[in-house]
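Notes to accompany the following structure.
Side chains included, hydrogens not; waters and symmetry mates left out as well; all remaining heavy atoms used.
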Amino acid sequence: MPVNPKIQDVTTDQLFRAILTLKTQEECYQFFEDICTISEIKAMAQRLEVSRMLKAGFIYDDIVEKTGASTATISRVKRCLYYGADGYKIVLDRLDDAKDTAEQEQSK
């Protein structure tokens with residue numbers, strides 16, 4: 001899918017290149033703590049969890065209870081999950097693959 005021209009520019013490219021340089025979870029914590037507020041980090045983490053739960057088939061009431069997300073947030077994430085740029089799909093699939101790989105390694 002092509003990049004949305006509304007968000008693509010030199011500074012956004014620089015931001016994404018910077019994120020791609022991070023090598024560990026600790027480095028991610030350090031960078032995101034500097035560049036985002038705690039509320040922004042928590043909001044992004046909440047949206048990712050909402051997307052995971054939607055993909056897994058959870059209903060809105062369960063998602064609200066577990067995440068504290070508003071129904072408006074859940075609706076927005078659902079719209080992006082099903083009609084967006086496939087960003088959630090890419091990340092959720094890779095997280096699932098990483099989990100499967102880790103579980104296979106543990107069972108050896």
Side chain to side chain donor-acceptor pair (under 3.5 Å) partners for K42, two or more places apart:
none
Inter- and intrachain pairs under salt bridge (charged side-chain N to carboxylate O under 4.0 Å, His left out), touching residues 83-92, at least two apart
K89-D93
Heavy-atom closest contact (V64 atom, A69 atom, distance):
CG2-O, 3.5 Å
Could you go through Y29 and I41, starting from their C-alpha distance and side-chain angles, then the distance that decides it, and tell me whether this counts as side chain to side chain contact (heavy atoms under 4.5 Å, CB included)?
CA-CA 10 Å; Y29 271 101; I41 295 167; over 6 Å; no
Under 3.5 Å, sequence neighbours excluded: what are the donor-acceptor pairs made by side chains of residues 43-54?
| unit_1 | atom_1 | unit_2 | atom_2 | d |
| --- | --- | --- | --- | --- |
| Q46 | NE2 | T67 | O | 3.0 |
| E49 | OE1 | R52 | NE | 2.9 |
| E49 | OE2 | R52 | NE | 3.4 |
| E49 | OE2 | R52 | NH2 | 2.6 |
| S51 | OG | L48 | O | 2.6 |

By the salt bridge (charged side-chain N to carboxylate O under 4.0 Å, His left out) test, which pairs, at least two apart or in different chains, include something from residues 24-34?
none
Quick one: does F31's side chain get under 4.5 Å of T21's, heavy atoms only?
no
Could you tell me the separation between the CG atom of D96 and the NZ atom of K55, rounded to the nearest 0.5 Å?
4.5 Å
Do any N or O atoms from the side chain of T12 and from the backbone of Q8 form a donor-acceptor pair under 3.5 angstrom?
no
Do I74 and I59 sit in one hydrophobic cluster, given that two such residues count as connected whenever their side-chain heavy atoms are within less than 4.5 Å of each other, even indirectly?
no
Enumerate the side chain to side chain donor-acceptor pair (under 3.5 Å) contacts for residues 70-83, please, sequence neighbours excluded, ordered by first and then second residue.
Y60-S75, S70-T73
If hydrophobic clusters are built by linking Ile, Leu, Val, Met, Phe, Trp and Tyr wherever their side-chain heavy atoms come under 4.5 Å apart, do V3 and L15 end up in the same one?
no
Using the rule that two of Ile, Leu, Val, Met, Phe, Trp, Tyr join whenever any of their side-chain heavy atoms come within less than 4.5 Å, decide whether I63 and V91 are in one cluster.
yes
Provide the full list of salt bridge (charged side-chain N to carboxylate O under 4.0 Å, His left out) pairs with a residue in residues 11-23, sequence neighbours left out, each pair given once.
none
Heavy-atom count check: over 12 atoms from other residues, nucleotides or ligands less than 6.0 Å from L20 CG?
yes
